[in-house]
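Take a look at the structure set out below.
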Protein chains: 2
Amino acid sequence: MQKLTAQRQAILDMINRFDKHWDADEIAYALKEEGISIGIATVYRGLAALADQGLIESIQLADKKRYERADKSHHDHLVCTGCGSIEEFCEPQIESLQDKVAEERGFKIEGHQLLLFGLCKTCKAEES
Amino acid sequence: MQKLTAQRQAILDMINRFDKHWDADEIAYALKEEGISIGIATVYRGLAALADQGLIESIQLADKKRYERADKSHHDHLVCTGCGSIEEFCEPQIESLQDKVAEERGFKIEGHQLLLFGLCKTCKAEES
DNA sequence: ATAACGAATGATAATCACTATCGATACAAT
DNA sequence: ATTGTATCGATAGTGATTATCATTCGTTAT
Ligand SMILES: [Mn+2]
Ligand SMILES: [Mn+2]
Ligand SMILES: [Zn+2]
Ligand SMILES: [Zn+2]
């Protein structure tokens, strides 16, 4: 029985309003800017609850978790080590190969995360 | 220039002696068991230095980094959410699809990490 | 309407992996 | 021997996240 409280609705609305990957602090700050002040612990709990219900998606980066809207089809991420930008890509062949690998080993997949690290087009051009 | 000191050699030897994925504390504890006591900060620095030189490999899990020997061919990981065990797999087709995706976007890949989460064969069987 | 119960909130303390600091050491080059 | 550079180890600090706990909110039972 997870409740969709006013605070959680505000967090969800904010995430759905933009197409980006938020961390908890960014959400709290953006809400405060709009006059909606939510305790940071509540933001963390709200994000966890929303992700739990599938209302938002999350990716675990090395240092922190980032959240995004869930109304996009499944995708994985390219993370630029130069500027920190995050691009998205969808490759169904990779997804089915993952399923094949898991099945071969009797492993029941609950989720996966594929991160490609490197330099985005812009940062690559700036390299010398 | 990074030195391969006695402490770092001991860490490297330990990692090369077993085929597992170690965190920093496990390394420090295993060494102490053998009478080799190394400061925890030195263990962290040693692991970073060894990984930097390609003498060991690392994977970033949600909570912590884990290290393994580097004398195996590249592979990715299946992480059991039941017992925490880590299996390995190698799927060249996935690797080449990653390269294709990156190339299409002008993204220069420096590395990647693919984690499959779920239940290993044993834990799946125990699920009622 | 009121009492009662479960869940959520928010301020804050605590946790935990990891990094920074800094005086002491090791070791190689001059 | 002296200098210089990298490392060591004890420990303080950092930053994201979670735990605690008194208070508040919503819903259901009376
Ligand atoms: Mn995304
Ligand atoms: Mn491995
Ligand atoms: Zn970039
Ligand atoms: Zn398992």
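Side chains are part of it too, since the values below use all heavy atoms of this structure and drop only hydrogens, waters and symmetry mates. To find a chain, count down the sequence lines: A is the first, B the second, and so on, and within it residues start at 1.
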Could you tell me the separation between the [atom1] atom of [X] and the [atom2] atom of [N], rounded to a whole number of Å?
X	N	atom1	atom2	value
I11(B)	dT7(D)	CD1	P	12 Å
Q9(A)	dA8(C)	CD	C1'	15 Å
E26(A)	dA16(D)	CD	P	10 Å
I38(A)	dA11(C)	CD1	P	11 Å
L31(A)	dG10(C)	CG	P	11 Å
L47(B)	dT7(D)	CG	P	14 Å
I27(B)	dA17(C)	CD1	P	15 Å
L61(A)	dC18(C)	CG	P	15 Å

Does a sphere of radius 6.0 Å around CD in E103(A) hold more than 12 heavy atoms from other residues, nucleotides or ligands, not counting ones at 6.0 Å or beyond?
no
Using a 4.0 Å heavy-atom cut-off, does [X] contact any base of the nucleic acid, only the sugar-phosphate backbone, or nothing at all?
X	value
R8(A)	sugar-phosphate
T5(B)	sugar-phosphate
D63(A)	sugar-phosphate

Look at the side chain of E26(A) and the backbone N and O of D23(A), then say whether any donor-acceptor pair between them is shorter than 3.5 Å.
yes
Quick check against the 3.5 Å criterion: does R105(A) have a side-chain atom that pairs as donor or acceptor with the backbone of K121(B)?
no
Looking at Y44(A), I'd like to know whether one of its side-chain N or O atoms comes within less than 4.0 Å of OP1 or OP2 on dT18(D).
no
Check this one for me: any side-chain N or O of Q7(B) less than 4.0 Å away from OP1 or OP2 of dA26(C)?
no
Among [options], the nucleotide that comes nearest once only the side chain of [X] is considered:
X	options	result
K64(B)	dC18(C), dG9(D), dA7(C)	dC18(C)
K3(B)	dA6(D), dG26(D), dG10(C)	dA6(D)
A41(B)	dA11(C), dA10(D), dA8(C)	dA10(D)

For DNA chain C, whose closest nucleotide is more 5', that of A49(A) or that of I40(A)?
A49(A)
Residue pair R45(B)/A6(A) against DNA chain C: nearer the 5' end by closest nucleotide is A6(A)
Side chain to side chain donor-acceptor pair (under 3.5 Å) between E57(B) and H75(B): does it pass, once the steps are laid out?
CA-CA 11 Å; E57(B) 289 293 324; H75(B) 58 269; over 6 Å; no
Toward the 5' end of DNA chain D, by each residue's nearest nucleotide, T42(B) or D25(A)
T42(B)
Q113(B)-D76(B) side chain donor-acceptor pair, cut-off 3.5 Å
no
